[in-house]
Enquirer: 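Handing you this structure, nothing more for now.
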Amino acid sequence: MSAVAIVADFDPANETHRATAVAFEHLGARVEWVPTPECEEAPARLAGFGGIMIGPASPYRSLEGALEAVRYARERGVPLVGT
């Protein structure tokens, strides 16, 4: 199973972020949190992921980065879930 990119700015103090990480762990899914500024600067950072989730609990450090991730998924047919 390919890893899933969670595009969000992980904050361990954020209860929603912690719960999201635990939920994926229970599924046995491999995930990687990708900070939104990285997606703005280099959308190809998302290459190789089997799916993309726009993480919960905005605001994002880079709204443009989150939108670039959506655009990247849409233009390449990568499964995408938004929250």
Side-chain angles (χ1 to χ4, degrees):
M1 173 186 216
S2 298
V4 174
I6 302 177
V7 176
D9 304 304
F10 184 78
D11 176 1
N14 184 309
E15 184 177 342
T16 305
H17 287 181
R18 290 191 319 269
T20 299
V22 169
F24 275 99
E25 184 178 307
H26 282 289
L27 290 171
R30 292 184 313 117
V31 300
E32 182 177 333
W33 289 77
V34 180
T36 56
E38 289 184 19
C39 296
E40 180 178 0
E41 297 161 9
R45 164 78 169 82
L46 298 170
F49 287 101
I52 298 171
M53 176 181 179
I54 305 301
S58 61
Y60 304 110
R61 282 187 277 153
S62 172
L63 178 58
E64 185 59 33
L67 295 174
E68 280 296 325
V70 171
R71 183 177 299 116
Y72 181 91
R74 187 185 70 232
E75 291 176 352
R76 289 164 181 80
V78 177
L80 173 75
V81 174
T83 59

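Values in this document were obtained by computation on a predicted structure and should not be read as measured data. Because only heavy atoms are used, hydrogens play no part in the values below, and waters and symmetry mates are left out as well, while side chains stay in.
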Enquirer: Identify whether Val34 and Val70 are in the same connected component of the hydrophobic contact network (ILVMFWY, side-chain heavy atoms under 4.5 Å).
Expert: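 Yes; Val70 is reachable from Val34 via cluster members.
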Enquirer: Which heavy atom of Gly51 sits nearest a heavy atom of Val78, and at what distance?
Expert: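 What the structure gives for the nearest pair is CA-CG1, 3.9 Å.
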Enquirer: Residues two or more places apart in sequence or in another chain: which of them pass salt bridge (Lys or Arg N to Asp or Glu O under 4.0 Å) with Glu38?
Expert: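 Glu38 satisfies salt bridge (Lys or Arg N to Asp or Glu O under 4.0 Å) with Arg45 once adjacent residues are dropped.
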Enquirer: Anything under 3.5 Å between a donor and an acceptor, one on a side chain of residues 7-14, the other on a protein residue two or more places apart or in another chain? List them.
Expert:
{"from": "Asp9", "atom 1": "OD1", "to": "Thr36", "atom 2": "N", "distance (Å)": "2.9"}
{"from": "Asp9", "atom 1": "OD1", "to": "Thr36", "atom 2": "OG1", "distance (Å)": "3.1"}
{"from": "Asp9", "atom 1": "OD1", "to": "Arg61", "atom 2": "NH2", "distance (Å)": "3.3"}
{"from": "Asp9", "atom 1": "OD2", "to": "Thr36", "atom 2": "OG1", "distance (Å)": "2.8"}
{"from": "Asp9", "atom 1": "OD2", "to": "Arg61", "atom 2": "N", "distance (Å)": "2.7"}
{"from": "Asp11", "atom 1": "OD1", "to": "Ala13", "atom 2": "N", "distance (Å)": "3.0"}
{"from": "Asn14", "atom 1": "OD1", "to": "Thr16", "atom 2": "N", "distance (Å)": "2.8"}
{"from": "Asn14", "atom 1": "OD1", "to": "His17", "atom 2": "N", "distance (Å)": "3.1"}

Enquirer: How would you list, by chain and number, every residue that makes a side chain to side chain donor-acceptor pair (under 3.5 Å) with Thr20, sequence neighbours excluded?
Expert: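 By the side chain to side chain donor-acceptor pair (under 3.5 Å) rule, Thr20 matches no residue at all.
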Enquirer: Write out all pairs satisfying ring-ring contact (aromatic ring centres under 6.0 Å, His included) with one or both partners inside residues 43-72, taking only residues at least two apart or from two chains.
Expert: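 Not a single pair qualifies under ring-ring contact (aromatic ring centres under 6.0 Å, His included).
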Enquirer: Do you know the tightest heavy-atom contact between Ile6 and Gly55?
Expert: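 Closest approach of Ile6 to Gly55, heavy atoms only: CG2-CA, 3.9 Å.
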Enquirer: How close do Cys39 and Gly65 get, counting heavy atoms only, and between which atoms?
Expert: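 Taking Cys39 first and Gly65 second, the nearest heavy atoms are CB-O, 3.3 Å.
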Enquirer: Might you point out which heavy atoms bring Ala69 and Ile54 nearest each other, and give the distance in Å?
Expert: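 Closest approach of Ala69 to Ile54: CB-CD1, 3.9 Å.
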Enquirer: Answer with yes or no whether the hydrophobic clustering places Met53 together with Trp33; edges join I, L, V, M, F, W, Y residues whose side-chain heavy atoms lie under 4.5 Å apart.
Expert: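 Yes, Met53 and Trp33 fall within the same hydrophobic cluster.
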Enquirer: List for me each residue that meets side chain to side chain donor-acceptor pair (under 3.5 Å) alongside Glu41, sequence neighbours excluded, and say none if there are none.
Expert: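 Side chain to side chain donor-acceptor pair (under 3.5 Å) list for Glu41, sorted by chain: empty.
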Enquirer: Mind checking side-chain contact (heavy atoms from CB on, under 4.5 Å) for Arg71 and listing every partner two or more places apart, or none if nothing turns up?
Expert: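 side-chain contact (heavy atoms from CB on, under 4.5 Å) check on Arg71 returns Glu64, Glu68, Arg74, Glu75.
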